[in-house]
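First comes the structure, then the notes that go with it.
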Amino acid sequence: MLIKKPAKIPTSELTSETAFINRRSFLKKQAILGSGLWGAGLLGSAQAGLQPDDSLTPENVVTSYNNFYEFGTGKGDPVQYAHEMNTDPWTVKVSGEANKTGRYAFEDVVKGLDVEERIYRFRCVEAWSMVVPWNGVALRDILRQFEPKTSAKFVEFKTLVRPSEMRGQRAVFQSIDWPYTEGLRLDEAYHPLAIMALGVYGKDLPNQNGAPWRLMVPWKYGFKSVKSIVGIHFTSKQPRNSWNVLAPHEYGFYANVNPAVSHPRWSQASERRLPSSVFNPNRRPTLPFNGYAEEVAGLYEGMDLAKFY
Amino acid sequence: MQTHLTVVLSKTAFFAALSTPLAWLVWQIAIEIEAPTTALGADPGEAIVHFLGVWALRFLLLAFAISPIQKLMQQPVVGRLRRMAGLYAFAYALLHLAAYLFFFLEFEWEALLEDFVKRTFITVGLVALICLTPLAVTSTLGWQRRLRRNWKRVHLLVYPAIAFALIHLYWLTRDGFAEVVLYSVFFLFLVGFRWVKR
Ligand code: HEM
């Protein structure tokens with residue numbers, strides 16, 4: 001329903017629903033504000049790069065089929081166990097090459113920012129994909145509040161470490177060195193398509209989707225879009241990201257969706273669009289930069305994408 | 001008569017036990033057809049591939065465990081069950097391959113060739129399956145008679161079959177190595193037991 005107009009909308013035209021963020025459940029407010037707009041025809045939805053056959057992945061699938069190894073390695077573990085994580089209160093520690101560092105309450109950081117609905121394709125490195133209506137704020141609007149110095153070239157994000165509430169962190173024979181860490185080049189993070197998601201399907205993010213906030217960088221594999229963030233670090237050096245540390249030849253720093261560069265263990269040329277069914281794997285070709293090439297390819301001009309995978 | 005009855009009963013029970021995972025899977029698929037994503041989740045194909053792979057490995061380990069169990073229990077009937085466990089493992093592995101061909105490759109044969117050559121975890125899975133094939137073919141009494149002492153030699157292939165299946169699992173595991181560690185320790189324990197009780 002939401003995707004009435006499959007036509008490409010240039011990023012310059014991404015409109016925003018303005019919503020005042022009022023501690024928790026701010027999305028309810030936004031939904032009220034937004035409902036009139038939806039009726040009037042999708043003013044609030046960013047649809048950059050959507051294909052004619054991209055229909056929304058049902059909400060129950062988006063919130064029940066997740067990779068969130070802090071709660072276990074099975075796709076069903078997060079929905080089962082993530083409720084054990086307490087997200088209120090939530091603080092973020094900002095550090096590194098910025099003028100405003102220190103601890104901030106989550107609410108204070110997002111207060112007053114515009115929450116927009118963004119319908120994005122979501123492509124996991126494991127060759128499955130979804131189409132998800134996120135509610136989020138421009139990542140750059142969050143980062144700029146901390147006034148990064150000119151020496152800051154990268155930004156690093158860390159997920160919560162709390163083994164008492166995150167059973168995956170208590171598991172034996174798991175090899176991620178918590179906290180789960182990801183990073184972006186600052187110009188990538190400032191790209192208008194990069195958002196910090198606060199909600200999905202018009203509701204606050206469920207824990208299994210990375211409450212209270214998680215990155216959503218739609219042209220990169222899902223593992224870049226780190227969840228339940230408690231640390232933001234500005235740095236002049238390229239940070240090491242968790243999966244790259246674990247298996248450097250399989251997962252790079254950039255992790256841009258690229259059908260031409262296969263993962264050593266499987267091809268990335270196609271993906272299974274979820275939900276698939278027992279009759280139909282629902283395979284479709286994977287698009288360069290997950291279909292957002294027009295918007296983001298410029299960030300990587302002159303780079304050998306096979307080398308910087 | 002007593003022993004004959006025991007054999008029939010234990011074989012039937014074993015047959016039922018070995019069929020249970022497959023019956024369960026069929027049941028889940030039936031639910032999926034009625035109400036998509038409710039039984040096997042958002043990606044039923046992946047769930048099916050994984051389920052069949054896991055049970056192939058478990059039944060292979062079970063088949064391998066039967067000789068030692070027989071030695072411990074001094075019950076010849078147990079030995080009769082070995083062939084059934086092995087054949088079931090082979091059947092689950094074939095279905096595993098078929099599910100992978102359908103759900104992951106949609107029978108694109110070039111993609112299969114590419115996987116066999118380029119993806120080492122698939123290559124070792126294939127090697128494991130190749131090791132199992134002569135075991136399945138020669139599992140009948142006729143072949144046992146025909147091969148005589150060589151039959152035992154042929155069936156030494158079960159060692160590489162399990163080893164390659166474990167390497168397959170180890171290489172496809174992204175994180176959460178508890179499962180592959182558990183199966184490997186069990187396998188090594190059985191190998192050690194056989195070696196000691198030679
Ligand atoms: C040509 C032969 C084979 C092929 C092409 C194949 C392919 C695959 C694939 C694609 C996966 C899923 C990987 C992933 O999602 O990351 C898998 C998983 C698995 N396979 Fe195989 N396989 C083969 C033979 C075997 C054999 C012979 C066994 C055991 C006897 C086996 C046991 C397993 C196990 C235990 C898993 C993991 C399931 C899980 O983690 O839940 N495979 N295989």
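A note on names: the letters A, B, ... follow the listed sequences, proteins ahead of strands, and every chain is numbered from 1. Heavy-atom basis, side chains included; hydrogens, waters and symmetry copies ignored.
For B/Q28, no part lies under 4.5 angstrom from a heavy atom of chain A. For B/F103, the parts sitting under 4.5 Å from any heavy atom of chain A are the backbone and the side chain alike. If you measure heavy-atom distances from A/S262 to chain B, the contacts under 4.5 Å come from the side chain alone. Residue A/N282: no heavy atom, backbone or side chain, is found under 4.5 Å from chain B. Proximity to chain A is limited to the backbone of B/L105, based on heavy atoms less than 4.5 angstrom apart. Contacts of A/T73 with chain B are made by side-chain atoms alone, with heavy-atom separations under 4.5 Å and no backbone atom involved. Within the 4.5 angstrom heavy-atom criterion, only side-chain atoms of A/R272, from C-beta onward, approach chain B. For a residue to count as touching a neighbouring chain, one of its non-hydrogen atoms must lie under 4.5 Å from one of that chain's; by this rule A/W243 touches chain B with the side chain only.
Your options are B/H50, B/E114, B/E108, and the one with the most heavy-atom pairs under 4.5 Å with chain A is B/E108. Listed options A/F173, A/Y65, A/Y69 were ranked by heavy-atom pairs under 4.5 angstrom with chain B; first place goes to A/F173. Residue with the most contacts toward chain B among A/S267, A/A247, A/A171: A/S267 (heavy-atom pairs, distance under 4.5 Å).
Rounding to the nearest 0.5 angstrom, the gap separating the OG atom in A/S277 from the CG atom in B/L40 is 11.0 Å. Residue B/E106 holds its CD atom at 6.5 Å from CG of A/N280, rounded to the nearest 0.5 Å.
Judged purely by atom type and a 3.5 angstrom limit, B/D175 has no side-chain atom pairing as donor or acceptor with the backbone of A/Q174.
Counted within 6.0 Å of CH2 on B/W27, heavy atoms from surrounding residues, nucleotides or ligands total 12 or fewer; the atom is thus considered open. By the neighbour-count criterion of 12 heavy atoms within 6.0 Å, atom OH of B/Y170 is sparsely surrounded, having that number or fewer from other residues, nucleotides or ligands. Within a 6.0 Å radius of CZ in B/F116, more than 12 heavy atoms belonging to other residues, nucleotides or ligands are found. Enclosure of atom CZ in A/R283 by more than 12 non-hydrogen atoms of other residues, nucleotides or ligands within 6.0 angstrom is indicated. A 6.0 Å sphere centred on CG of A/D177 holds no more than 12 heavy atoms belonging to other residues, nucleotides or ligands.
Taking all atoms of both residues into account, the shortest heavy-atom contact from A/V61 to B/A42 is CG1-CB, 3.4 Å. Looking at every heavy atom in both residues, A/V278 comes nearest to B/F102 through O-CE2, 3.7 Å. Pairing each heavy atom of B/G45 with each of A/S276, the nearest pair is N-OG, 4.5 Å. Closest approach of A/P275 to B/T37, counting heavy atoms only: CB-CG2, 3.4 Å.
Salt-bridge formation is not detected for the pair B/R174/A/E250: no Lys NZ or Arg NE/NH1/NH2 atom is positioned less than 4.0 Å from an Asp or Glu carboxylate oxygen.
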Stepwise side-chain contact (heavy atoms from CB on, under 4.5 Å) check, A/W266 with B/I122: CA-CA 9 Å; A/W266 55 88; B/I122 301 260; over 6 Å; no
